[in-house]
> 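Below: one structure in structure tokens.
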Amino acid sequence: MSRKISTKPPSGMRDFLPADIARREFVIAKVTEVYSRYGFVPLETPTIENLSTLLGKYGEEGDQLLYRLLHRRDSLARALAADDVSEATLADQGLRYDLTVPLARVTAQYSTLPKFFKRYQIQPVWRADRPGKGRFREFYQCDVDITGTTSLLAEAEVCGAVAEVLQSLGFDNFTIRLNHRALLRAMIRAAGIDVAQEGTALVAVDKLDKIGLEGVVKELEQRGIEAEQAGSLLGLMCCEDLLDPKSELHKLLAKIGCRNLMQWTVSGISAVSDFSEEELETRRNEMLLAYLARLLPQGDEAGQAAVKELTEVIGLLAHTPAGAHVSFSPHLARGLSYYTGAIFEIAVPDFGGSLGGGGRYDNLVGMFGKKDIPAVGFSLGLERILVVMEDRKMFPDLKVGPEVLVCWKGVSQQDVLKVTHALRRSGLRVEAYPEKTRKLGAQLKYADGLGVAFAAIIGPEEVEQGSVTLKHLTSGTQERVALGDAVDEAIARLSS
RNA sequence: GCGAAUAUAGCUCAGUAGGUUAGAGCGCUCGGUUGUGGUCCGAGAGGUCAUGGGUUCGAAUCCCAUUAUUCGCCCCA
């Protein structure tokens with residue numbers, strides 16, 4: 001025996017055994033079916049991209065999580081011999097980090113693509129991240145994107161497609177959270193926070209669900225943002241809570257001494273008054289947007305435009321499968337830096353982390369130095385979906401492997417193959433026991449372990465009369481039938 | 001990147017006042033005579049106790065380092 005070598009796959013990466021593949025393919029089949037019905041076409045791009053393609057698209061954090069590939073052969077020797085040897089000089093390529101940037105590259109590269117390129121792409125991506133539950137270093141994303149238009153109909157289409165995928169998989173209580181990059185920026189401005197602090201502020205707010213209001217204020221203070229500004233930001237981002245004078249948020253702002261609190265409360269009352277009581281239930285999103293429009297300075301055109309855009313998107317989404325699931329979430333902030341407009345994220349109850357996310361990115365294609373092409377897309381995380389579906393036992397009984405094992409004794413291997421093929425011609429999934437055994441029992445035991453429904457037993461007598469003995473393993477009953485149509489009938493009879 | 005815990009058979013785990021030959025369950029192999037599995041009974045194989053060093057007459061057990069895994073923090077699908 002040679003030295004022991006670890007047989008585990010690398011950390012954060014997995015082997016997909018046959019049963020895993022069955023579940024993955026089940027989900028992928030639904031995804032492709034829905035996406036193609038929405039008019040999306042498939043695309044695949046290389047595992048490896050040049051670092052120049054990848055770097056600078058995902059923000060600083062993202063750049064650090066890239067898997068980088070060393071130069072090869074002579075150029076590696078040259079890189080090592082150079083004066084300044086670092087991660088940056090030793091690598092020139094990397095594994096793709098997502099599917100959006102490769103799409104942007106492809107869109108910039110091929111002028112022959114349709115003006116409105118609707119593509120879906122289901123491939124693995126790699127991130128040199130710390131693995132955890134539902135979090136891997138190699139994982140599949142299922143992306144849909146539409147390039148070439150700023151029309152909000154595109155937003156509605158990608159959200160509708162994603163919602164329909166989730167519905168067809170059996171999810172009913174998911175939420176598509178919706179926000180807007182420009183709105184986030186407007187809220188930060190309105191709170192009196194320096195735009196340079198935007199990134200750090202959003203990171204802190206993103207933790208709201210985890211650490212609570214007080215926690216966010218503390219976190220923001222640690223990052224050099226004063227309590228009052230922090231409070232104002234929270235007031236804007238959680239304005240729904242402002243409508244309730246008894247909410248935690250109200251107490252917090254009062255404690256901090258937020259100057260706007262009184263005026264904001266009044267705006268809230270007036271925003272609510274435009275809607276009937278019934279409408280407040282059904283049109284919560286529109287009401288919140290109307291409220292936010294009052295909270296932001298009227299002169300902030302970018303902010304007001306963002307509110308208007310979101311209102312339109314929500315109006316359009318009402319006519320798609322996403323309509324009932326969309327929820328305007330002003331504190332939603334997504335990490336990737338390339339988003340420019342609407343941003344989305346999918347949440348399901350009792351699962352930390354999202355099933356997917358997306359948004360509009362109008363400047364990404366232009367970063368390749370060609371003309372700007374606007375785009376919007378949505379990405380589903382396949383493993384997240386699988387984790388949740390497994391937890392909730394949402395999979396049907398997926399058949400995998402053969403349904404018949406040919407067991408034999410006292411006959412030639414030629415006879416075994418003859419019968420095996422005859423059974424396969426009936427459309428059955430058939431495996432033949434490959435080795436000669438002394439005991440038939442060993443073969444039946446193997447059949448049991450395989451999980452096949454039937455054993456097809458042949459011996460000299462069966463070969464003689466061109467028949468086969470079919471044994472139904474769960475019931476133990478068996479019949480000897482002639483090869484051919486009689487097999488189908490016997491299988492149906494024994495299965496029932 | 002920081003903190004904590006864990007590492008014994010293919011799998012799940014027992015096993016400390018340091019003491020012969022390291023155990024169990026499951027799984028695996030063989031047997032309980034002819035062409036019938038699951039249950040039952042019997043037998044067997046399988047471990048340099050993560051790796052390297054130290055303390056000791058003696059280490060799976062105590063100490064140190066390394067590696068890997070898991071869980072928090074950070075960030076994300």
Side-chain angles (χ1 to χ4, degrees), chain A residues 1 3-12 58-66 96-100 122-143 162 199-200 202-204 206-207 210-211 215 219 222-223 333-337 344-348 351-359 377-388 405 407-411 433 436-463 468-480:
Chain A
M1 279 288 260
R3 251 196 132 120
K4 251 200 269 180
I5 296 173
S6 170
T7 49
K8 284 198 209 90
S11 167
Y58 307 109
E60 218 170 293
E61 284 282 346
D63 284 356
Q64 280 170 13
L65 295 178
L66 284 173
R96 64 166 170 260
Y97 180 88
D98 71 359
L99 303 177
T100 308
I122 302 170
Q123 284 191 283
V125 302
W126 290 268
R127 297 183 189 179
D129 204 353
R130 195 70 170 239
K133 181 170 166 98
R135 217 170 138 193
F136 307 95
R137 288 181 171 170
E138 177 183 54
F139 59 98
Y140 276 69
Q141 292 195 323
C142 313
D143 278 32
V162 163
T200 51
L202 292 184
V203 166
D206 207 34
K207 290 188 216 166
K210 220 179 262 178
I211 60 179
E219 181 105 14
Q222 277 168 17
R223 294 167 190 242
R334 290 182 48 75
L336 294 180
S337 59
F344 331 112
E345 186 165 284
I346 294 181
V348 289
F351 183 74
S354 67
L355 293 192
F378 214 126
S379 171
L380 284 174
L382 179 61
E383 356 298 297
R384 292 276 169 91
I385 291 176
L386 287 161
V387 165
V388 174
L405 180 75
C407 304
W408 50 281
K409 189 166 162 59
V411 301
Y433 195 87
K436 190 170 181 172
T437 57
R438 203 162 67 70
K439 303 179 77 172
L440 200 54
Q443 298 182 41
L444 286 166
K445 194 170 172 181
Y446 181 73
D448 219 32
L450 268 190
V452 297
F454 290 92
I457 301 165
I458 54 173
E461 278 189 39
E462 281 90 347
V463 168
V468 64
T469 298
L470 284 172
K471 182 184 176 79
H472 188 233
L473 290 174
T474 45
S475 65
T477 53
Q478 63 184 58
E479 276 183 35
R480 187 181 290 181

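In the text below, chain A, chain B and the rest are named by the order of the sequence lines, each starting its count at 1. These numbers come from a predicted model, not from an experiment.
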> Which whole number of Å gives the distance between the C1' atom of B:G35 and that of B:G47?
40 Å
> Counting only Watson-Crick pairs (N1-N3 plus N6-O4 or O6-N4) and G-U wobbles (N1-O2, O6-N3), all under 3.5 Å, who is the partner of B:A14?
none
> Are any of A:K207's side-chain N or O atoms less than 4.0 Å away from OP1 or OP2 of B:C74?
yes
> Using a heavy-atom cut-off of under 4.0 Å over every strand shown, decide if A:G476 touches base, sugar-phosphate, or nothing.
base
> Can you tell me if A:R127 uses its side chain to pair, donor with acceptor, with the backbone of A:Y97 under 3.5 Å?
yes
> Step by step, would you call A:E462 with A:T469 a side chain to side chain donor-acceptor pair (under 3.5 Å)?
CA-CA 7 Å; A:E462 281 90 347; A:T469 298; 2.5 Å; yes
> When we call it a touch if two heavy atoms are under 4.0 Å apart, what does A:K471 touch: a base, just sugar-phosphate, or nothing?
base
> Rounding to an integer number of angstrom, what distance separates B:A5 and B:A9 when you compare their P atoms?
23 Å
> So, does A:R137 use its side chain to make a donor-acceptor pair with the main chain of A:D129 at under 3.5 Å?
yes
> Answer yes or no: is there a donor N or O on one side and an acceptor on the other, between the side chain of A:Q443 and the main chain of A:W408, under 3.5 Å?
yes
> So A:T474, base contact, sugar-phosphate only, or nothing? Heavy-atom distance under 4.0 Å.
base
> Mark yes or no for a side-chain to base donor-acceptor pair under 3.5 Å between A:Q478 and B:U36, with no hydrogen or angle criteria applied.
yes
> Write down the partner of B:G72 under the Watson-Crick or G-U wobble criteria, each distance required to be under 3.5 Å.
B:C2
> Just by modelled atom types, is the A:P124 backbone N or O under 3.5 Å from a matching donor or acceptor in the A:E138 side chain?
no
> Mind checking if A:E345 touches a base, just sugar-phosphate, or nothing, with heavy atoms under 4.0 Å?
nothing
> Starting at the 5' end of RNA chain B, which residue's closest nucleotide do you reach first, A:R384 or A:P460?
A:P460
> Which part of the nucleic acid does A:R438 contact within heavy-atom distance under 4.0 Å: base, sugar-phosphate only, or nothing?
sugar-phosphate
> Counting any heavy atom closer than 4.0 Å, what does A:G459 reach on the DNA or RNA strands: base, sugar-phosphate only, or nothing?
base
> Between A:G12 and A:Q141, which is nearer to the 5' end of RNA chain B once each is assigned its nearest nucleotide?
A:G12
> Determine the contact category for A:Y140: base if any of its heavy atoms lies under 4.0 Å from a base atom, sugar-phosphate if only primed atoms, P, OP1 or OP2 are that close, otherwise nothing.
nothing
> Between A:L440 (CG) and B:U36 (C1'), how many Å, whole number?
5 Å
> Do A:E462 side-chain and B:G35 base share a donor-acceptor contact under 3.5 Å?
yes
> Under 4.0 Å from OP1 or OP2 of B:G35: is there any side-chain N or O of A:T469 that close?
no
> Once rounded to the nearest 0.5 Å, what's the spacing between atom CG of A:L386 and atom CZ of A:R384?
12.0 Å
> Is A:F139 stacked on the base of B:A77 when the test is centres under 5.5 angstrom and planes under 30 degrees?
yes
> May I ask you to say what A:V203 touches in the nucleic acid, namely base, sugar-phosphate or nothing, with a heavy-atom cut-off under 4.0 Å?
sugar-phosphate
> Touch check for A:I457, heavy atoms < 4.0 angstrom, all strands: base, sugar-phosphate only, or nothing?
base
